[in-house]
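This structure is a prediction, so every number in the text was calculated from the model and none was measured. Chain letters run A, B, ... following the sequence lines, proteins first and then strands; every chain starts at 1.
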Number of protein chains: 2
Amino acid sequence: MQLHKHDVVAKAASILDNYGIADLTMRRLARELDVTPGALYWHFASKQELLGAVADHVLAPACADQPAAGWRHRIEIVCRALRDALLSHTDGAELVSASVAAGRSEAMALILSQLGAAAVEAGMDPGQAALAARSIVYYVLGFTADEQSRLQWDAAGVDVPEPSPTENPSTRFAFGLQLLTYGIGAEIDAGARLR
Amino acid sequence: MQLHKHDVVAKAASILDNYGIADLTMRRLARELDVTPGALYWHFASKQELLGAVADHVLAPACADQPAAGWRHRIEIVCRALRDALLSHTDGAELVSASVAAGRSEAMALILSQLGAAAVEAGMDPGQAALAARSIVYYVLGFTADEQSRLQWDAAGVDVPEPSPTENPSTRFAFGLQLLTYGIGAEIDAGARLR
DNA sequence: ACCTGAACACCGTTCAAGT
DNA sequence: ACCTGAACACCGTTCAAGT
């Protein structure tokens with residue numbers, strides 16, 4: 001049976017979920033697909049390109065059309081969807097961070113444009129809005145990667161103390177995000193006073 | 001001549017600067033130190049531990065005592081020092097991000113406490129302040145990793161378009177950081193209104 | 001067009017044995 | 001105490017040759 005990109009990405013995602021990113025190697029992936037490592041290079045130019053495809057697969061659920069709402073709420077919805085998507089796969093945040101840092105991920109470009117559009121609606125000019133969108137993504141990726149690595153230490157029996165154990169991760173996530181949306185509001189107010 | 005931790009870290013930093021993080025391998029490091037790979041494992045338990053030490057070396061200049069100033073200015077000073085430290089070594093942001101995500105970096109803990117102290121001075125309670133500090137670090141690491149990877153594509157001849165080419169990276173960095181400091185101010189105001 | 005076989009040039013880590 | 005030698009169990013990538 002012929003190998004298709006989709007099958008390769010799906011199998012890669014299953015290795016990711018069951019064994020983590022360290023075990024997601026070209027040779028192992030080939031073995032589980034009952035194929036020779038070289039076969040993968042007919043479909044993908046490099047491991048980096050393959051990981052990019054897996055990243056887009058992970059991000060797909062966060063790319064669904066968002067319901068109409070005020071800019072602040074839209075940002076919260078996109079960011080929650082992004083975090084949920086990352087958390088739903090082992091090492092999801094690490095994988096996506098690496099793919100975003102390296103070659104561009106199409107899915108992340110879409111998410112950035114959704115966040116940017118919300119910032120424009122809030123009253124920012126396009127340049128500021130693009131930067132605000134990127135800042136938000138840095139926060140979500142950083143927070144979630146951190147959260148996910150703590151989860152893994154936890155599962156391994158090592159318990160690392162949470163900085164503030166009173167609130168759960170979702171509440172803490174929302175609080176940090178609020179800092180950024182408040183900042184966007186304040187930035188616009190400050191800009192308006194100068195005009 | 002005997003091998004000391006300090007020499008190992010220094011040579012690792014020089015490989016990093018001259019060839020990048022991909023070439024910073026245990027075998028290569030051993031070769032350049034005229035030593036066998038096994039020798040490194042007498043001084044460091046693992047590659048991860050060694051990279052952590054290199055990360056602390058990179059972060060050292062950002063750990064100098066900061067002059068007294070208002071909280072907002074203190075945050076800006078720490079963050080500029082952090083970005084400068086990361087930019088002063090090839091792949092500095094990537095290295096530090098990985099080390100921070102994995103085992104704890106002592107230097108980063110110090111930076112987090114400096115940022116947290118500033119947020120407390122601004123009027124946050126310690127739990128909120130710790131989270132605000134982490135959010136700021138996520139931003140600095142994300143922004144700088146992005147900036148540094150663009151620099152590398154640039155140096156390689158590929159030119160990737162900047163989202164908003166009018167302003168230089170330092171100005172853009174300051175703008176994104178301002179979003180967070182404005183957010184801290186707004187958060188405190190919002191909290192005060194509830195009391 | 002799609003894949004195998006086999007090679008190339010590497011990795012991190014361990015550990016008995018040497019000095 | 002500190003390091004070598006040698007091995008173990010892997011990597012990503014390429015490419016002539018097969019079907």
S.K.: Please identify each residue that fulfils side-chain hydrogen bond (donor to acceptor under 3.5 Å, both in side chains) with B:E49, with sequence neighbours left out.
M.R.: none

S.K.: With sequence neighbours left out, what residues match B:E106 under side-chain hydrogen bond (donor to acceptor under 3.5 Å, both in side chains)?
M.R.: none

S.K.: Measuring from atom CD of B:Q148 to atom CG of B:L86, what distance do you get when rounded to the nearest 0.5 angstrom?
M.R.: 7.0 Å

S.K.: By salt bridge (charged side-chain N to carboxylate O under 4.0 Å, His left out), which residues pair with A:D146, not counting sequence neighbours?
M.R.: A:R150, B:R134

S.K.: Go through the structure and list residues passing ring pair (Phe, Tyr, Trp, His ring centres under 6.0 Å) with B:F173, not counting sequence neighbours.
M.R.: B:Y139, B:F143

S.K.: In B/S/- notation, 5' to 3', how is nucleotides 12-19 of chain D contacted by protein heavy atoms closer than 4.0 Å?
M.R.: BBBB----

S.K.: Restricting to side-chain hydrogen bond (donor to acceptor under 3.5 Å, both in side chains), what partner residues turn up for A:R72, sequence neighbours left out?
M.R.: none

S.K.: Taking C:dA9 as the reference, what is the distance to D:dA9 when you measure between their P atoms (whole Å, please)?
M.R.: 24 Å

S.K.: Could you list the residues that satisfy salt bridge (charged side-chain N to carboxylate O under 4.0 Å, His left out) with B:E147, not counting sequence neighbours?
M.R.: B:R83

S.K.: Can you sort out the partners of B:A13 under side chain to side chain contact (heavy atoms under 4.5 Å, CB included), two or more places apart, ordered by chain and number?
M.R.: B:H57

S.K.: Can you name the residues that form a ring pair (Phe, Tyr, Trp, His ring centres under 6.0 Å) with A:Y138, not counting sequence neighbours?
M.R.: none

S.K.: Once Watson-Crick and G-U wobble pairs under 3.5 Å are found, how is DNA chain D written in dot-bracket notation, 5' to 3', with | for any base paired to another strand?
M.R.: ||.|||||...|||||.||

S.K.: Between B:H43 and D:dC3, is there a contact of a side-chain N or O with OP1 or OP2 at under 4.0 Å?
M.R.: yes

S.K.: What residues from residues 9-23 of chain A pass a heavy-atom cutoff of under 4.0 Å to DNA chain D?
M.R.: none

S.K.: Tell me, please, which residues at least two apart from A:E187 pass side-chain hydrogen bond (donor to acceptor under 3.5 Å, both in side chains).
M.R.: B:Q178

S.K.: So, is B:W42 close to the D:dC3 phosphate, meaning a side-chain N or O under 4.0 Å from OP1 or OP2?
M.R.: no

